[in-house]
Amino acid sequence: MIIMPFPHLNGYEIAEKVGVGSFSVVYKAYTKTNPKEVVAIKCIDKRYQQKSFADNVVKEISLLKLLKHDYIVRLIDFQSDSKYIFIITEFCDEGDLSHYIRKKHKLAESLVKTFMQQLALALKFLRSHNICHMDLKPQNLLLRSKPKLQLKVADFGLSQIISPQNAEQSRFAGSLLYMAPEKLLNQHYDARVDLWSVGIIMFECLFGRNPFLNMNTKAIVDLMLKRGPIELPPNANITPVAEDLLFKLLKHNPDERINFEQFFEHPFLDLIHMATPENYHTAVSLIQEAIELDKSKQYSECLDKYKEAVRYLEAFIPLETNPNRKAMLALRLSEYTKRITALNDMLSGKENSKLVATDLQPLPLTDDQFDMLRGLSTLTPNMATGLDIGCTGELYMVEGKNSLALEKLTSALSLLIPILGNEPPGVRKDLLHAQVQKWLSLAESLKKVQSTSAS
Ligand code: ADP
Ligand code: MG
């Protein structure tokens, strides 16, 4: 392990150590700007470098610069001094996936699905740039909890731009426990090694442990040579569609393994219904239409709408990190599901099925717009911070802590109003404008409450 004192670098204040990688130490740090932003700083000691290693670092930096994507860790800055190289990226407050799995023991299938969807989109994006990662493992998948639970692919040190010469170079780089058999056995390999790693990661998420846990290198190599199937734990309780994907990813022979296109289309991923701001919008409209049709007794039409809406809505619950909103969405989901059962029973002429008129609530829209705005702000850190502060202000207001609420809203507005002034026309400007208006009027009413209670 590398031991190093806290480094000094311009413009940043180091807070604490958050991780140790194969060649680096990672710190949480703050920018010395006002307001300060939280970042992660990966420090690589130049003394440990060899030529190929320096190449890896340069590769990592140039790749990260190129790769701007929701599910890929964002590069903020890069510095170096006589001793160290520093890669400054967005900070992922939930740590890495390995740590997260250990904390939760294992993950619910619905959450595994969410993570696999996010990972799939990142891989799709990487493929569009002809890049394979080559070192996918839970330690290299970072998590952020805000605004929603998000997985971010990190550590591009070993990545390859896919080309035949490059493919030969990095043999035996990467971790054995996640390494595809063809690479481990020194055979010809290509981008499909990433799909094997995805399979092992999925296994580990579902069952809380690596399939090769406690096996030494020789035992793993022997198993690969025999092409021994990867066995599920005895108490494995997963759906057939999850099992189908898992086994297709964990095929020893890369020609038999699921390919990228099939992976992106696999029903377990169900990317069409993935939790995106647009899909939340779709769910909201579908529910509205369903409720209208239901009221006018067009039962079979409304049943289809409810069913489709529920497929969209289900995806939002696992990644919701605000407990109130999570409970609210889960409640709505269970109400709609009950309605679906009742409609099904009635339409199939089931005995004793009585259909009572519905008083179902639609899905709320405002948070959706907020989410969309928050999503659009990830590359503008001050705007994201302003939105988060405003959100905290609203929460204080709900809790009746009015002076704290006012304080937060005021500081959010002081960040957001100047940004709004410089924002080019477009959806983001419209949404930001609406948000600023809403918080301005909330702040006004809080001020009134304060002045009346003071007088
Ligand atoms: P290495 O190339 O040395 O493996 P990584 O980039 O994988 O380094 O980082 C090592 C560890 O540090 C990760 O597994 C993770 O726990 C932590 N870490 C890295 N980057 C961040 C980040 N942006 N936010 C939070 N933790 C991080
Ligand atoms: Mg790593």
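Counting starts at 1 for both ligands and their atoms, following the listed order.
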Check each atom of ligand 1 against the heavy atoms of Asp96 and keep those under 4.0 Å away; list them by number with element.
-> 13 (C), 14 (O), 15 (C), 16 (O)

Please write down residue, atom name and distance for the protein heavy atom closest to atom 17 (C) of ligand 1.
-> Gly19 CA, 4.0 Å

For the Mg ion (ligand 2), what is the closest N, O or S atom on Asp155?
-> OD2

Record the part of Glu90 in heavy-atom contact with ligand 1 below 4.0 Å; permitted values are side chain, backbone, both and neither.
-> backbone

Can you tell me which residue and heavy atom of the protein come closest to atom 3 (O) of ligand 1, and the distance to 0.1 Å?
-> Ser24 OG, 2.6 Å

Would you call the rings of Phe203 and Phe207 parallel, tilted or perpendicular if under 30° counts as parallel and over 60° as perpendicular?
-> perpendicular

Please tell me if the side chains of Glu90 and Arg144 come closer than 4.5 Å, counting only heavy atoms from C-beta onward.
-> yes

Looking only at protein heavy atoms, identify the closest one to atom 4 (O) of ligand 1 and say how far it is in Å.
-> Asp155 OD2, 2.8 Å

Mutual orientation of the aromatic rings belonging to Tyr280 and Phe316 [parallel < 30°, tilted 30-60°, perpendicular > 60°] | perpendicular

Tell me, which protein residue and heavy-atom name are nearest atom 26 (N) of ligand 1, and how many Å apart are they?
-> Val18 CG2, 4.0 Å

Give a yes-or-no answer on whether the side chains of Tyr396 and Glu407 include a donor-acceptor pair shorter than 3.5 Å.
-> no

What protein heavy atom is closest to atom 9 (O) of ligand 1, reported as residue, atom name and distance in Å?
-> Val26 CG2, 3.6 Å

Is the backbone of Leu9 close enough, under 3.5 Å, to the side chain of Gln79 for a donor and an acceptor to pair up by distance?
-> no

Criterion side chain to side chain donor-acceptor pair (under 3.5 Å) on His99 and Glu94, from CA distance to verdict = CA-CA 9 Å; His99 161 93; Glu94 280 285 354; 5.8 Å; no

Is the distance from the Mg ion (ligand 2) to the nearest N/O/S atom of Asp135 under 2.8 Å?
-> no

Side chain to side chain contact (heavy atoms under 4.5 Å, CB included) with Phe156: of Asn140, Leu126, Ile87, only one passes, and it is Leu126

Output yes if Asn140 passes the N/O/S-under-2.8 Å test against the Mg ion (ligand 2); output no otherwise.
-> yes

For Thr89, take its heavy atoms, then give the atoms of ligand 1 lying under 4.0 Å from any of them.
-> 23 (N)

Which ligand 1 atoms, with their elements, are less than 4.0 angstrom from a heavy-atom of Lys42?
-> 1 (P), 2 (O), 5 (P), 6 (O), 8 (O)

To the nearest 0.5 angstrom, please state how far the SG atom of Cys205 sits from the CG atom of Leu111.
-> 7.5 Å

Protein contact to atom 14 (O) of ligand 1 [nearest heavy atom, distance to 0.1 Å] | Gln139 O, 2.7 Å

Check: of Leu142, Val73, Leu143, min heavy-atom distance to atom 20 (N) of ligand 1 comes from Leu142

Compare Pro138, Cys92, Ala154 and give the one whose heavy atom is closest to atom 24 (N) of ligand 1.
-> Cys92

May I ask you to check whether Lys137 and Ser175 show a side-chain donor-acceptor distance below 3.5 Å?
-> yes

Any atoms of ligand 1 less than 4.0 Å from a non-hydrogen atom of Ala40? List them with their elements.
-> 22 (C), 23 (N), 24 (N)

Modelled atom types, side-chain donor and acceptor of Asp244 and His266, under 3.5 Å | yes

